[in-house]
Amino acid sequence: MTQRSTEGAQAHLNLHAAIHVQVGSLERFKAAVLSGASPHEIEMARSAYLAAAEAVLDRSQDQLFVQMREDGIDPITRRPF
């Protein structure tokens with residue numbers, strides 16, 4: 001198993017927390033649709049799911065950038081330091 005830096009470990013935990021939130025929001029969206037909730041409630045659940053999905057993408061990028069910096073690569077220019 002690879003040893004992670006503190007920053008890398010935090011990025012990993014943040015990503016998994018965001019995934020957990022996304023899964024929960026997807027379940028709430030499915031429940032709203034299947035229960036015949038009002039269009040407003042369905043739209044709110046859909047918006048929450050999409051926001052959670054965006055957070056997962058952001059945390060994935062954060063984790064990638066940490067890994068790149070640890071590997072000696074500038075995440076913006078994609079060139080070695």
Side-chain angles (χ1 to χ4, degrees):
M1 185 160 114
T2 304
Q3 184 69 23
R4 296 181 197 263
S5 68
T6 302
E7 186 182 15
Q10 189 62 48
H12 178 78
L13 291 173
N14 289 344
L15 173 60
H16 282 278
I19 290 169
H20 183 74
V21 170
Q22 181 186 23
V23 169
S25 65
L26 176 59
E27 291 302 317
R28 284 189 294 279
F29 174 63
K30 287 175 15 183
V33 170
L34 294 175
S35 70
S38 72
H40 176 71
E41 290 170 333
I42 292 172
E43 178 59 26
M44 294 295 289
R46 184 186 73 86
S47 294
Y49 172 72
L50 293 175
E54 187 173 338
V56 168
L57 293 174
D58 290 344
R59 298 301 74 80
S60 295
Q61 185 176 36
D62 292 347
Q63 186 173 11
L64 173 64
F65 282 10
V66 167
Q67 185 63 49
M68 290 176 78
R69 283 192 298 275
E70 288 175 354
D71 291 343
I73 300 169
D74 183 294
I76 304 303
T77 64
R78 309 286 201 256
R79 295 178 187 216
F81 296 136

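Note that this is a predicted model, so its numbers are computed, not measured. By convention here, the first residue in the shown sequence is residue 1.
To the nearest 0.5 Å, atoms CE (M68) and CD (Q61) are separated by 10.0 Å. Separating the CG atom in L50 from the CG atom in L26 is a distance of 10.5 Å, to the nearest 0.5 Å. The line from OG of S25 to NE2 of H20 is 10.5 Å long, rounded to the nearest 0.5 Å. Interatomic distance, I73 CD1 to F65 CZ, rounded to the nearest 0.5 Å: 12.0 Å. To the nearest 0.5 Å, atom CZ of residue R69 and atom CZ of residue F81 are 7.5 Å apart.
Counting heavy atoms of neighbouring residues, nucleotides and ligands inside a 6.0 Å radius, atom CD of E54 does not exceed 12 of them.
The two residues Q22 and V56 make their nearest non-hydrogen contact at OE1-CG2, 3.3 Å. Nearest heavy atom pair, residue I42 against residue A32, reads CG1-O, 4.0 Å. When every heavy atom of D74 is checked against every heavy atom of T77, the shortest pair comes out as OD1-N, 2.9 Å.
When H12, Q10, H16 are each tested for a side chain to side chain contact (heavy atoms under 4.5 Å, CB included) with Q63, only one passes: H12.
Residues V66 and E70 form a side-chain contact, since some pair of their non-hydrogen atoms from C-beta on lies under 4.5 Å apart.
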